[in-house]
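For the numbers below, each heavy atom of this structure counts, side chains included, while hydrogens, waters and symmetry mates do not. Sequential numbering from 1 along the given sequence is applied to the chain's residues. Note that the structure is predicted; figures quoted are calculated from it, not measured.
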Amino acid sequence: MLLGKNGKMTRDQIQLIHDTYAGKKVFLTGHTGFKGSWLLCWLRHLNAIVKGYSLNPDFENSLYTRIDGDARCQSVIADIRDTEKVREEILSFKPDFIFHLAAQPLVRYSYQEPVETFNTNIMGTVHVLDAVRYLNQDCSVILITTDKVYENQEWIYPYREHEPLGGFDPYSASKGACELIINSYRRSFFQSDSKDFEKAIASARAGNVIGGGDWASDRIIPDLVRAFSKHETLAIRNSFAVRPWQHVLDPLFGYLLLGAKMRLAPSRFSEAWNFGPYAEDSLTVRQLVELTQKYWQGEVVYMDEKNQPHEAGLLKLDINKAITKLGWYPHFSSEQSIQKTIEWYKAVIEVGEPAHVWVEKQILQYENQ
Ligand SMILES: NC(=O)c1ccc[n+]([C@@H]2O[C@H](COP(=O)([O-])OP(=O)(O)OC[C@H]3O[C@@H](n4cnc5c(N)ncnc54)[C@H](O)[C@@H]3O)[C@@H](O)[C@H]2O)c1
C-alpha cells in the first residue's frame with residue numbers, strides 16, 4: 001500500500017487506474033524511449049490495449065528492445081512530424097486515451113539541432129492535437145512537457161502551474177511553446193458546450209526523471225552508470241545546478257491517475273499539472289552524484305568550467321496542486337529514487353538479470369508497498 005506524506009493511503013488510486021485502463025485503447029507516442037517503455041509495461045500490466053508511435057529506438061540495447069516492446073503493443077515506427085500519418089494512425093485506432101511523449105528531449109542536443117527540436121516538439125504536439133479534432137468519440141489526452149517550461153527566474157521559489165512560461169534553450173522554449181499550443185487547442189476546439197464528444201486535454205510537467213534503462217547521452221545517471229560500470233572517471237559539469245529529480249514511476253503514476261480522473265470529470269482536470277519531488281527534496285547535481293556513489297562506488301571529477309551552453313541553475317517545482325486536487329504524492333524521496341535506479345542498473349548490468357523482469361518487479365513493488 002502506498003503512503004503519501006500525510007499518511008494518505010492510495011490503494012483506491014491503484015484500483016482506480018486498474019479499473020480505468022483495463023480493456024481500453026491507449027495511443028502512446030514515444031513508446032520506444034525511456035519513459036515510454038516504462039509506461040508501455042505499466043499499461044500492459046493494467047491490461048490496456050496499446051498502439052505505439054515513435055521512431056526506432058536510439059540504442060541497440062535500448063530498454064524497448066530489452067523488454068521486447070514489439071510483443072507488448074502494436075508498434076508503428078514513423079515520424080511525429082508527418083501530419084497525415086499521425087492523423088491516420090490515431091483515427092484508425094480510435095483511442096480512449098492518448099499519452100504524447102514523443103519528443104527531442106535533450107537540452108544540449110537542442111543547441112546543436114534547434115530546428116529539429118522545434119519541429120519535433122512543437123509540430124509533433126500540433127499533429128497529435130489536430131488529429132484529436134477529427135476523432136468521433138470521447139478521448140482523454142495527456143501531453144508530456146517538462147519542468148523547464150517556466151520562465152526561469154533563478155530564484156529559490158518552486159514554480160506553480162500558472163506562472164509565466166518561457167525557456168532559454170531551444171528544448172525548454174519548444175516545450176513552453178507546446179504549452180501555449182495545448183491551451184489554444186483546448187480552448188479553440190475542445191471546450192464548447194455544443195460539442196458531440198468529450199475531449200479532455202491536459203499537460204504534465206515532470207521534473208528530471210531517473211530510473212533503470214535510460215541510456216541517453218548527456219544525462220547524469222546514464223553517464224554515471226556507463227562510467228562506473230567500466231571503472232572510468234566521469235567529469236561532472238554544472239555541479240551546483242539544482243533539479244527536482246524523481247524516479248520514473250512517480251510521474252508515470254501521476255500521468256495514469258490524471259488520465260483516470262479526466263475520464264471521470266473532464267472539465268475539472270483538463271489543465272496543466274506539475275509532477276515532481278517535494279520542493280525541499282530537490283538536489284544539486286553534486287548531491288545526486290554523492291548519493292549515487294553511496295550505492296555504486298565510482299570516481300568523478302568536478303569541472304564547472306565556463307563557456308558551457310546555458311542551462312538553468314536553480315529549478316524547483318511546486319506540486320501542491322497535484323497533491324490537493326489529484327491526491328497524487330511523490331512516493332519516493334530523492335535518495336530512494338536514486339537507490340531504486342541503481343538497484344535496477346546493478347541487477348541488469350552487473351548480475352545480468354533481464355531488464356523486463358526488473359521493470360515489472362519495480363512496478364509491482366510500487367503498486368503494493
Ligand atoms: N527524461 C526526463 O528527465 C524528462 C523530464 C521531463 C520531461 N520529459 C519528457 O518526457 C518525454 C519522454 O522523454 P524520454 O526521457 O523518455 O526521452 P527518450 O529520448 O528516451 O524518448 C523519446 C521518444 O520520442 C520518440 N521520438 C523522438 N523524435 C521523434 C520523431 N520525430 N517522431 C516520432 N517519434 C520521435 C523517440 O523515438 C522515443 O520513443 C519527452 O517528451 C520529454 O521531453 C522527460
Side-chain angles (χ1 to χ4, degrees), residues 28-30 33-36 39 53-55 79-81 86 98-130 132 141-154 158-187 201-210 214 216 218-219 241-246 248 251-252 254-255 258 270-276 282 309-319 321-322:
L28 172 61
T29 77
F34 159 56
K35 285 166 72 178
L39 187 52
Y53 187 108
S54 306
L55 299 178
D79 202 308
I80 203 76
R81 291 168 289 188
V86 172
I98 297 176
F99 290 95
H100 176 50
L101 278 73
Q104 189 305 95
L106 303 172
V107 171
R108 282 169 79 92
Y109 183 82
S110 79
Y111 280 109
Q112 293 163 32
E113 298 295 344
V115 176
E116 179 192 330
T117 302
F118 285 123
N119 263 331
T120 303
N121 297 359
I122 294 176
M123 291 317 294
T125 300
V126 170
H127 293 158
V128 169
L129 285 165
D130 207 67
V132 174
V141 187
I142 294 102
L143 302 116
I144 308 310
T145 61
T146 175
D147 54 352
K148 300 182 179 63
V149 295
Y150 297 105
E151 181 59 43
N152 195 299
Q153 312 281 355
E154 297 293 349
Y159 294 94
R160 290 172 292 177
E161 285 86 346
H162 65 272
E163 290 192 71
L165 299 166
F168 184 116
D169 59 89
Y171 168 70
S172 305
S174 74
K175 289 284 188 168
C178 288
E179 289 285 349
L180 296 177
I181 289 158
I182 294 164
N183 209 20
S184 163
Y185 264 86
R186 184 194 295 118
R187 293 199 291 184
I201 311 291
S203 64
R205 305 166 178 174
N208 282 48
V209 178
I210 62 174
D214 188 3
D218 274 335
R219 276 191 185 154
V242 175
R243 292 285 182 276
W245 314 95
Q246 58 185 161
V248 62
L252 293 190
Y255 305 164
L258 174 59
S270 293
E271 44 191 51
W273 300 87
N274 285 345
F275 295 105
S282 296
H310 175 275
E311 290 193 43
L314 184 51
L315 176 53
K316 296 182 182 183
L317 279 182
D318 186 314
I319 54 170
K321 181 174 151 185

Residues that Asn183 engages under side-chain hydrogen bond (donor to acceptor under 3.5 Å, both in side chains), provided they are two or more places apart: Arg186
Mutual orientation of the aromatic rings belonging to Tyr255 and Phe275 [parallel < 30°, tilted 30-60°, perpendicular > 60°]: perpendicular
Glu179 and Thr145: side chain donor to acceptor below 3.5 Å: yes
Asn152 side-chain N/O to Leu314 backbone N/O, donor-acceptor pair under 3.5 Å: yes
Heavy-atom donor-acceptor pair, Ser174 side chain to Phe118 backbone, under 3.5 Å: no
CG-SG distance between Leu129 and Cys178, expressed to the nearest 0.5 angstrom: 9.0 Å
Considering all heavy atoms, the nearest Gly207-Gln246 contact: N-OE1, 2.8 Å
Min side-chain heavy-atom separation Val209-Leu252 under 4.5 Å: no
Asn121 side chain to Tyr171 backbone, donor-acceptor under 3.5 Å: no
Spatial distance of atom NZ (Lys321) from atom CZ (Arg160) [nearest 0.5 Å]: 12.0 Å
Side-chain H-bond candidate by donor/acceptor type, Tyr150 with Arg205, under 3.5 Å: yes
N/O donor-acceptor pair under 3.5 Å between Thr120 side chain and Glu116 backbone: yes
Whether Asp318 side chain and Pro158 backbone form a donor-acceptor pair below 3.5 Å: no
From Leu258 atom CG to Ile142 atom CD1, the distance as rounded to the nearest 0.5 Å: 5.0 Å
From Phe99 atom CZ to Thr29 atom OG1, the distance as rounded to the nearest 0.5 Å: 11.0 Å
Min side-chain heavy-atom separation His127-Asp130 under 4.5 Å: no
Note, Val242 side chain near Lys316 side chain (heavy atom, < 4.5 Å): yes
Donor-acceptor under 3.5 Å (Gln104 side chain, Leu106 main chain): yes
Test item: Glu161 side-chain N/O and Trp273 main-chain N/O as donor-acceptor pair under 3.5 Å: no
Closest non-hydrogen atom pair between Ala322 and Asn274, with its separation: CB-O, 3.6 Å
Donor-acceptor pair, side chain of Glu151 and main chain of Pro164, under 3.5 angstrom: no
Spacing of CZ belonging to Arg108 relative to CG belonging to Asp169, to within rounding of 0.5 Å: 11.0 Å
Rounded distance [0.5 Å steps], CG in Leu180 versus CG in Leu165: 5.5 Å
Contact check, side chains of Tyr159 and Gln153, non-hydrogen atoms, under 4.5 Å: yes
